[in-house]
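Here's the structure, in structure tokens; my notes come after.
Just follow the structure's listing: the first ligand is 1, and inside any ligand the first atom is 1.
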Amino acid sequence: MKIFIDSANLEEIKQASSLGLLDGVTTNPTLLSREGKDPIAQLKEICSIVEGPVSAEVVAQDSEGMVKEARQLAKLADNIVIKIPVTNEGLRATKILSQEGIKTNLTLCFSPLQALLSAKAGANFISPFVGRLDDISTEGMSLVSDIKLIYDNYNIKTEIIVASVRHPIHVLEAARLGAHIATCPFKVILQFLKHPLTDIGIERFLSDWKKLKDTLGR
Ligand code: G3P
């Protein structure tokens with residue numbers, strides 16, 4: 001499974017990238033607004049750090065505006081993917097962009113049928129938001145499971161990005177279900193790397209090694 005970082009923060013992206021595990025980045029208007037910088041310059045910089053796909057979201061609500069924005073964003077770098085909300089207008093825009101060879105990531109997906117239609121429109125990626133569904137007492141991972149089943153039934157190549165990830169168990173479940181990608185906040189990447197028994201184990205090995213050295217007098 002590929003791991004993306006869900007962030008527009010350069011420091012976090014650089015750190016995750018230096019771990020050698022980063023396959024891509026997803027951003028959205030909220031994440032870019034948190035950085036308080038020119039979003040275009042920020043996206044360019046992100047694309048220069050990461051080789052994999054970098055999702056940049058359109059803010060227009062009509063298909064014409066989305067396509068216009070997408071064409072501009074696509075010029076920023078070869079690895080830009082255009083994030084588009086799953087709406088009627090979004091699907092129209094996706095169809096046009098897919099015919100132009102511009103990659104898309106359909107976002108704010110909350111139902112399996114939205115995912116099916118996104119794939120039919122030519123989406124390269126689909127982003128089910130699991131955390132936001134969990135927030136309203138609906139099982140987010142069931143959505144991923146349904147999308148996976150439907151995509152497998154029809155041999156659909158659209159890649160599933162498990163998004164709105166809140167904790168490591170979301171990542172574990174995404175991997176169990178065979179989702180292609182989990183996009184995680186940096187905090188979650190650090191959480192799932194860490195295990196207290198690994199730390200305790202290292203401490204014990206080092207202290208036993210020191211004991212041996214002391215015994216041998218070196
Ligand atoms: O990738 C989508 C993600 O940024 C949404 O996460 O935590 O705002 O639901 P969240």
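In this structure, atom 2 (C) of ligand 1 lies nearest to the protein heavy atom F129 CZ, 3.2 Å.
No side-chain donor from either of E51 and N79 sits under 3.5 Å from a side-chain acceptor of the other.
Applying the 4.0 Å criterion to heavy atoms of A163 picks out, from ligand 1, the atoms 1 (O), 2 (C). Of all atoms in ligand 1, numbered sequentially from 1 with element shown, those under 4.0 Å from a heavy atom of N28 are 3 (C), 4 (O). For ligand 1, the atoms lying closer than 4.0 Å to a non-hydrogen atom of D6 are 1 (O), 2 (C), 3 (C), 4 (O).
Counting heavy-atom neighbours within 6.0 Å of D78 CG, excluding the residue itself, gives a total of 12 or less.
Atom OG1 of T30 and atom CD of E57 lie 8.0 Å apart (nearest 0.5 Å).
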Take N155 and K157 through the test side-chain hydrogen bond (donor to acceptor under 3.5 Å, both in side chains) and record every step on the way to the result.
CA-CA 6 Å; N155 202 19; K157 300 294 178 214; 3.0 Å; yes
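The residues R71 and E100 are annotated as salt-bridged, a charged nitrogen and a carboxylate oxygen being separated by less than 4.0 angstrom.
Of the listed residues (P185, S164, S7, C184), the one carrying the non-hydrogen atom nearest atom 6 (O) of ligand 1 is S164. When K83, R132, R166 are checked for heavy-atom proximity to atom 8 (O) of ligand 1, R132 turns out nearest.
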